[in-house]
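Notes follow the structure.
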Amino acid sequence: MGTDEDPAAENALGGFLRARRAQLRPDATGLPTSGRRRVPGLRREEVATLAGVSTDYYMRLEQGRERHPSQQVLEAVARALRLDDEAVAHLYRVATPTARRTRRAPRVERVAPHLRRLLDTWSDTPAFVLGHALDVLARNRLAGALYAGFTQPDNLLRMTFLDPAAHHFHRDWDRAAESTVATLRRAAGIDPEDPRLRELVGELSLTSPPSPKEGDSYGSRREGFCFVADCLSGVLR
């Protein structure tokens with residue numbers, strides 16, 4: 001059995017730090033803003049100063065050359081980047097990835113019968129159940145009607161990026177795309193070697209869909225969708 005190699009997943013920490021650094025304005029941290037700046041947000045050396053670490057060490061974090069930052073360093077970097085609780089949790093997930101695993105079969109996600117019955121009782125509200133990779137595992141009648149314009153309404157990620165109907169369906173497609181990518185990145189932070197996630201990312205990379213700005217897509221909040229439940233453990237109970 002072989003192992004999967006994914007450089008982007010292996011340096012998820014660096015991508016997250018760069019994106020959050022680019023979002024933070026110097027004046028929000030009390031740093032001087034005089035002079036012309038060539039990069040949006042903070043410079044690496046400014047984050048290092050705010051976190052109380054050397055510039056070289058912080059550069060190694062972003063470049064993926066430092067793979068074992070201590071809890072104290074992560075806390076200091078989180079304070080320097082003004083991360084909220086959810087972003088801090090994401091920082092810890094990408095900084096302490098699970099051990100590399102051999103290739104495995106996708107998990108089987110099922111919806112409990114009582115939850116299916118609950119969906120059917122919501123006759124006035126479109127409702128659906130999503131899996132960890134945004135697969136639509138179950139929907140009620142109104143949700144089926146709501147997404148009837150999509151060619152294959154079985155995964156929100158594919159629907160958002162690969163189906164032309166999405167641009168007519170979403171009043172603000174950019175925001176919907178940013179929210180969808182943020183959810184995908186959070187799932188990848190929990191388990192970057194998940195076969196279903198890799199399959200979706202590979203499919204999207206082959207079709208080269210338009211994507212939101214990197215900094216925005218690294219947000220950690222899920223916005224824009226109503227989730228009935230997340231199927232994170234394999235079976236909804």
Side-chain angles (χ1 to χ4, degrees), residues 1 4 6 9 12 85-86 89-90 92-94 97-99 101-173 175-204 207 209 217 219-237:
M1 302 288 286
D4 296 323
D6 187 346
D85 291 343
E86 196 166 2
H90 182 74
Y92 274 90
R93 282 194 294 269
V94 296
T98 55
R101 308 180 184 116
T102 57
R103 191 185 301 271
R104 66 185 191 272
R107 73 177 74 173
V108 177
E109 297 181 308
R110 300 184 181 89
V111 180
H114 75 270
L115 187 53
R116 289 184 179 274
R117 292 193 295 270
L118 176 64
L119 290 179
D120 292 336
T121 64
W122 292 356
S123 57
D124 298 327
T125 304
F128 49 88
V129 180
L130 295 181
H132 72 288
L134 299 184
D135 290 307
V136 180
L137 304 179
R139 63 173 69 85
N140 65 3
R141 182 179 58 82
L142 278 184
L146 179 66
Y147 291 107
F150 288 86
T151 303
Q152 192 174 356
D154 61 349
N155 180 276
L156 291 190
L157 190 69
R158 283 205 302 255
M159 290 162 63
T160 301
F161 288 102
L162 303 183
D163 197 317
H167 289 271
H168 302 286
F169 180 84
H170 294 289
R171 180 174 299 178
D172 187 343
W173 182 88
R175 185 180 180 189
E178 291 164 8
S179 175
T180 305
V181 172
T183 303
L184 179 70
R185 289 192 185 280
R186 186 163 72 169
I190 296 172
D191 187 359
E193 298 187 36
D194 181 271
R196 178 57 176 157
L197 292 176
R198 288 178 174 273
E199 176 188 358
L200 288 169
V201 171
E203 184 177 351
L204 290 176
T207 53
S217 66
S220 52
R221 294 185 183 276
R222 291 186 293 185
E223 301 173 351
F225 300 115
C226 281
F227 288 78
V228 175
D230 284 340
C231 192
L232 298 178
S233 61
V235 179
L236 288 170
R237 302 186 183 279

Partner set under side chain to side chain donor-acceptor pair (under 3.5 Å) for Asp120, not counting sequence neighbours:
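Partners of Asp120 by the side chain to side chain donor-acceptor pair (under 3.5 Å) criterion come out as none, since no residue qualifies.
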
Using side chain to side chain donor-acceptor pair (under 3.5 Å) as the criterion, list what pairs up with Asn140, not counting sequence neighbours.
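Applying side chain to side chain donor-acceptor pair (under 3.5 Å) to Asn140 gives none.
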
Nearest heavy-atom pair of [X] and [Y]: which atoms, and what distance?
{"X": "Thr160", "Y": "His170", "answer": "OG1-NE2, 4.3 Å"}
{"X": "Glu109", "Y": "Gly131", "answer": "OE1-CA, 3.5 Å"}
{"X": "Arg196", "Y": "Ala133", "answer": "CG-CB, 3.6 Å"}
{"X": "Asp135", "Y": "Asn155", "answer": "OD1-ND2, 2.8 Å"}
{"X": "Ala127", "Y": "Ala143", "answer": "O-CB, 3.4 Å"}
{"X": "Gln152", "Y": "Met159", "answer": "O-CG, 3.8 Å"}

Is any side-chain heavy atom of [Y] closer than 4.5 Å to one of [X]?
{"X": "Phe128", "Y": "Leu156", "answer": "yes"}
{"X": "Thr125", "Y": "Leu142", "answer": "no"}
{"X": "Val94", "Y": "His90", "answer": "yes"}
{"X": "Leu130", "Y": "Val136", "answer": "yes"}

So, the side chain of Trp173 versus the backbone of Phe161: is there a donor-acceptor pair under 3.5 Å, distance only?
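Judged by distance alone, no pair lies under 3.5 Å.
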
Exam field: side chain Thr180 to backbone Ala176, donor-acceptor pair closer than 3.5 Å
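Checked: pair present.
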
Set of salt bridge (charged side-chain N to carboxylate O under 4.0 Å, His left out) partners for Arg139, sequence neighbours left out
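Not a single residue meets the salt bridge (charged side-chain N to carboxylate O under 4.0 Å, His left out) criterion with Arg139.
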
For the [atom1] atom of [X] and the [atom2] atom of [Y], what is their distance to the nearest 0.5 Å?
{"X": "Leu184", "Y": "His132", "atom1": "CG", "atom2": "NE2", "result": "9.5 Å"}
{"X": "Leu118", "Y": "His114", "atom1": "CG", "atom2": "NE2", "result": "7.5 Å"}
{"X": "Arg110", "Y": "Leu115", "atom1": "CZ", "atom2": "CG", "result": "15.0 Å"}

Salt-bridge present (Arg175, Glu178; N to O < 4.0 Å)
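Here Arg175 does not pair with Glu178 in a salt bridge, since their nearest N and O are not under 4.0 Å apart.
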
Picking from Phe169, Tyr147, Phe150, what satisfies side-chain contact (heavy atoms from CB on, under 4.5 Å) with Asp163?
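Option passing the side-chain contact (heavy atoms from CB on, under 4.5 Å) with Asp163: Phe150.
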
